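Each remark here refers to the structure printed beneath this line.
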Amino acid sequence: MTALLLCVLLAQSVPAKVPVILDHDGGTPDDLVALSILTRMENVNLLGVIVSPGVSYTDPAISASRKILDLAGVHDVPVARSLSRLLNPFPTSWRRRVYIADALPVLNQKKVVSPLSSESGEKLIVRLIQSSSQPVTVLVTGPLSTVRNALKLQPAIASKIDRIIWMGGALKVPGNVFPSDEPAHDGTAEWNVYADPSAASEVLKTKIPIWLVPLDTTDQFPVSADFLHELGSQRKDVLADFAGQVLALPFADGGSFYFWDVLAAAAVGKPQIFQRTEWEISVVEEGPGQGRTVIRPGSGRKIHVLENANRPMFQQYVLQLLNPKQ
């Protein structure tokens with residue numbers, strides 16, 4: 001066998017990496033842990049990171065994102081700021097948490113070198129998709145505002161998006177837009193949709209395949225003390241140390257916290273964790289149910305809903321990614 005033939009056979013036996021753009025809204029801690037595990041997925045080629053308005057302030061979220069990339073040893077992935085704006089901004093008390101994450105000592109040991117893009121998030125999405133030789137997966141863990149605006153800038157990129165994996169929506173369960181935060185709302189919407197209902201509706205009207213990770217799925221995945229203890233045993237790894245610290249922050253508030261965006265990120269690298277079901281949905285854009293995702297058999301947009309996730313497989317996968325030497 002010639003050396004050339006051997007190289008060809010080896011190249012054919014190695015699966016191509018999935019090109020991925022992460023569009024997150026900096027929420028602490030799940031967006032930041034989602035970014036952390038993406039950097040460790042061997043089957044993923046992370047092209048760029050966009051920080052959009054949402055459940056954090058963008059400046060500290062951009063700073064934390066660049067520091068996480070440095071911590072992971074990934075120094076060639078650009079981070080860009082979205083110029084999008086939300087119709088319904090997230091509660092201020094939720095957005096403040098990112099300042100704590102950005103100040104954690106584990107993220108502040110060295111000078112930041114990961115590049116901050118001079119392009120807006122919208123323009124970076126367009127350029128990365130246009131220049132990719134393969135269809136791109138776009139992972140969105142916040143509102144769809146930036147993706148919608150990128151599609152407005154260059155509609156042709158829709159044909160080069162393999163799928164959008166989105167953490168958003170509440171289909172058969174109550175939403176998480178509570179009266180204490182939004183008194184005029186009826187509580188049926190999930191925040192990533194409610195923040196910009198028209199963006200969600202417009203993206204749903206495209207032909208881009210959409211894989212949805214709704215509250216119906218994430219409600220089954222609270223962050224438990226047992227998981228944090230398991231993660232604590234791996235803290236010699238810098239990303240595991242960071243994930244353990246940042247996942248512990250919400251416990252100070254005394255409420256429950258869930259693997260919202262971490263589940264969506266896991267769907268990129270290991271989709272077999274989930275069952276995929278085709279549903280038809282639409283988005284309510286006005287009124288007290290603004291942002292509600294409604295199941296409409298026969299008249300809604302067909303999407304793939306990721307549900308009935310395997311909890312042991314998910315947790316093992318995340319722990320493995322955060323301790324690859326184990």
Side-chain angles (χ1 to χ4, degrees), residues 20-42 44-82 90 94-121 124-125 128 139-142 146 167 223 228 231-232 234-252 257 259-262 264-266 268-269 318-319 321-325:
V20 174
I21 296 171
L22 171 63
D23 175 9
H24 77 90
D25 62 345
T28 304
D30 50 329
D31 281 286
L32 302 181
V33 176
L35 171 58
S36 300
I37 65 173
L38 277 176
T39 67
R40 290 278 177 81
M41 294 180 185
E42 293 183 355
V44 164
N45 177 21
L46 185 59
L47 301 179
V49 176
I50 317 301
V51 178
S52 295
V55 70
S56 72
Y57 292 98
T58 52
D59 282 344
I62 288 169
S63 176
S65 297
R66 295 174 67 201
K67 292 171 185 177
I68 290 167
L69 291 171
D70 282 348
L71 205 63
V74 179
H75 304 300
D76 58 350
V77 174
V79 178
R81 179 196 310 274
S82 168
F90 281 72
W94 298 6
R95 300 171 71 195
R96 287 176 177 162
R97 281 189 187 142
V98 71
Y99 284 102
I100 303 174
D102 187 44
L104 289 174
V106 68
L107 290 187
N108 290 280
Q109 302 175 65
K110 298 178 181 178
K111 181 179 178 181
V112 180
V113 298
S114 291
L116 176 62
S117 176
S118 60
E119 298 175 284
S120 69
L124 182 62
I125 287 176
L128 291 175
L139 171 62
V140 184
T141 57
T146 304
M167 192 278 118
V223 178
L228 289 179
L231 192 55
Q234 301 183 179
R235 66 174 304 204
K236 288 184 179 180
D237 182 278
V238 289
L239 283 184
D241 189 18
F242 166 71
Q245 291 184 43
V246 80
L247 283 170
L249 292 178
F251 283 80
F257 197 82
F259 284 112
W260 294 288
D261 301 335
V262 184
V268 177
V318 173
L319 290 169
L321 290 170
L322 291 173
N323 191 14
K325 296 178 182 179

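A quick note: this is a predicted structure, and the numbers were derived from the prediction, not measured.
Between Gly27 and Val55, the shortest heavy-atom contact is CA-CG1, 3.1 Å. Of all non-hydrogen atoms in Phe257 and Pro29, the two that sit nearest each other are CZ-CD, 2.7 Å. Taking each heavy atom of Asp31 and His24 in turn, the nearest pair found is OD1-CB, 3.2 Å. Residues Leu231 and Ala240 come closest through the heavy atom pair CG-O, 3.9 Å. Considering every non-hydrogen atom in both Arg81 and Thr58, the closest pair reads NH1-OG1, 3.3 Å. Contact record, Val98 with Pro60: CG1-CG, 3.4 Å, taken as the closest heavy-atom pair.
Within the 4.5 Å cutoff, the side chain of Phe242 has heavy atoms near those of the Leu32 side chain. Side-chain contact between Val268 and Leu22 is absent, with no heavy-atom pair separated by less than 4.5 Å. In this structure the side chain of Val262 never reaches within 4.5 angstrom of the side chain of Val223, judged on heavy atoms. Looking only at side-chain heavy atoms (C-beta outward), Leu46 and Leu35 come within less than 4.5 Å of each other. Between Leu228 and Phe251, some side-chain heavy-atom pair lies under the 4.5 Å cut-off.
Under a 3.5 Å cut-off, the side chain of Glu119 and the backbone N or O of Ala80 do not form any donor-acceptor pair. For Ser56 (side chain) and Asp25 (main-chain N/O), a donor-acceptor pair under 3.5 Å exists by modelled atom type. Side-chain N or O atoms of Asp23 include none that pairs as donor or acceptor with a backbone N or O of Val140 at under 3.5 Å. Although no hydrogens or angles enter the test, the distance criterion places a donor-acceptor pair under 3.5 Å between the side chain of Asn108 and the main chain of Asp102.
Note that the OG atom of Ser63 and the CG atom of Leu107 stand 8.0 Å from one another [nearest 0.5 Å]. Distance check, rounded to the nearest 0.5 Å: CG of Leu47 to CG of Leu128 gives 5.5 Å. Between the CG atom in Asp30 and the OG1 atom in Thr141 there is a gap of 7.5 Å [rounded to 0.5 Å]. If you take CG on Asn323 and CG on Leu239, they are separated by 10.5 Å, rounding to the nearest 0.5 Å. Note: Ser82 OG to Ile50 CD1 = 8.0 Å, rounded to the nearest 0.5 Å. Taking NE2 of His75 as the start and CG of Asp70 as the end, the distance is 5.5 Å to the nearest 0.5 Å.
Atom CZ of Arg235 is surrounded by 12 or fewer heavy atoms from other residues, nucleotides or ligands within 6.0 Å.
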### Message
Between Val246 and Leu249, is the side-chain contact (heavy atoms from CB on, under 4.5 Å) condition met? List the steps.
### Response
CA-CA 5 Å; Val246 80; Leu249 292 178; 3.9 Å; yes
#### Entry: Trace of the side-chain contact (heavy atoms from CB on, under 4.5 Å) decision for Leu38 with Val49
CA-CA 11 Å; Leu38 277 176; Val49 176; over 6 Å; no
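Residue Leu71 forms a side chain to side chain contact (heavy atoms under 4.5 Å, CB included) with just one option from Val238, Asp241, Thr39, and that option is Val238.
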